[in-house]
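Structure first, then comments.
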Amino acid sequence: MLPNKLKLEFQQHLARVKLLHEKDVAEGFGQVMLPHALARKYPNADREWGWQWVFPSARRSKDPRSEMVRRHHANEQAVQRAMKAAVRLAKLSKRATCHTLRHCFATHLLESGYDIRTVQDLLGHESVEITMIYLHVMQKPGIRVRSPLDG
């Protein structure tokens with residue numbers, strides 16, 4: 001889910017990424033790896049804007065499978081390092097990772113009154129039992145179900 005508050009910023013990000021892609025294409029690059037059947041069916045799709053990464057890598061690199069130089073998605077470790085730096089900068093006393101954000105998201109949804117099946121769907125859990133782990137927050141004092149009349 002993309003918050004409405006971030007819509008403009010995200011559109012600006014995509015505009016920057018599109019310029020980067022156009023520059024790559026102009027320099028003879030700009031291809032992404034597509035699944036084999038799709039690559040055969042649409043031989044030029046690998047250069048089309050719609051198939052490009054939303055969060056591309058800062059640098060192009062050689063794909064070890066195809067030997068082609070292309071831009072891959074942003075490295076997961078780069079995101080983890082950015083999170084670690086943000087935690088340090090915020091001087092948090094507790095450990096926090098990207099996965100912590102997932103737990104916070106689920107917990108806040110449940111605290112806000114969203115049903116467990118909605119949270120299950122958003123998190124992509126196969127079974128509701130996995131999602132029910134987050135219900136421990138509902139046992140905390142002060143977190144109650146509110147009447148619909150109270151808004």
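Predicted, not measured: the structure shown is a model, and the values here were computed from it. For reference, positions follow the sequence shown, starting with 1.
Counting only heavy atoms from C-beta outward, the side chains of L34 and Y42 never approach each other to under 4.5 Å. R70 places none of its side-chain heavy atoms less than 4.5 Å from the side chain of D46. With contacts defined as side-chain heavy-atom distances shorter than 4.5 Å, the pair L14/Q11 does not qualify.
Counting non-hydrogen atoms of other residues, nucleotides and ligands closer than 6.0 Å to CD of Q12 gives a total above 12. Annotation for Q80: atom CD counts as buried by contact number, over 12 foreign heavy atoms lying within 6.0 Å. No more than 12 heavy atoms of other residues, nucleotides or ligands sit less than 6.0 Å from atom CE of M132.
Under the 4.5 Å side-chain heavy-atom criterion for grouping Ile, Leu, Val, Met, Phe, Trp and Tyr, I130 is not connected to L123 through any hydrophobic cluster. Side-chain heavy atoms closer than 4.5 Å link hydrophobic residues (I, L, V, M, F, W, Y) into clusters, and following such links, even through other members, never connects F10 to W53. A chain of hydrophobic side-chain contacts below 4.5 Å, direct or via other Ile, Leu, Val, Met, Phe, Trp or Tyr residues, connects L101 to V87. Under a hydrophobic-cluster definition in which Ile, Leu, Val, Met, Phe, Trp and Tyr are linked whenever side-chain heavy atoms come within less than 4.5 Å, directly or via other members, W51 and M33 are assigned to different clusters.
Checked against the 6.0 Å centroid threshold, H13 and F55 count as a close aromatic pair.
Each of Q120, E126, R117, H125 was compared with T131 under the side chain to side chain donor-acceptor pair (under 3.5 Å) criterion, and only H125 meets it.
The salt bridge (Lys or Arg N to Asp or Glu O under 4.0 Å) check on R16 picks up nothing, with sequence neighbours excluded. Among residues two or more places apart in sequence or in another chain, the side chain to side chain donor-acceptor pair (under 3.5 Å) test is passed with D63 by R65. The side chain to side chain donor-acceptor pair (under 3.5 Å) search around D115 returns T118, not counting sequence neighbours.
Here the straight-line distance linking atom CE of M1 with atom CG of L6 works out to 11.5 Å at 0.5 Å rounding.
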Hey, can you pull the donor-acceptor pairs under 3.5 Å for the side chains in residues 19-29, sequence neighbours left out?
{"residue": "H21", "atom": "ND1", "partner": "Q52", "partner atom": "OE1", "Å": "3.4"}
{"residue": "H21", "atom": "NE2", "partner": "R47", "partner atom": "O", "Å": "2.8"}
{"residue": "K23", "atom": "NZ", "partner": "E27", "partner atom": "OE2", "Å": "3.2"}
{"residue": "D24", "atom": "OD1", "partner": "R60", "partner atom": "NH1", "Å": "2.7"}
{"residue": "D24", "atom": "OD1", "partner": "R71", "partner atom": "NH2", "Å": "2.8"}
{"residue": "D24", "atom": "OD2", "partner": "R71", "partner atom": "NE", "Å": "2.7"}
{"residue": "D24", "atom": "OD2", "partner": "R71", "partner atom": "NH2", "Å": "3.1"}
{"residue": "E27", "atom": "OE1", "partner": "R60", "partner atom": "NH1", "Å": "3.1"}
{"residue": "E27", "atom": "OE1", "partner": "R60", "partner atom": "NH2", "Å": "3.1"}

If you look only at distance, which donor and acceptor atoms sit under 3.5 Å apart when one is on a side chain in residues 92-99 and the other is two or more places apart or in another chain?
{"residue": "T97", "atom": "OG1", "partner": "H99", "partner atom": "N", "Å": "3.2"}
{"residue": "T97", "atom": "OG1", "partner": "T100", "partner atom": "N", "Å": "3.3"}
{"residue": "T97", "atom": "OG1", "partner": "T100", "partner atom": "OG1", "Å": "3.3"}
{"residue": "H99", "atom": "NE2", "partner": "H103", "partner atom": "NE2", "Å": "3.1"}

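Here salt bridge (Lys or Arg N to Asp or Glu O under 4.0 Å) pairs that include residues 75-91, with residues two or more places apart or in two chains, number zero.
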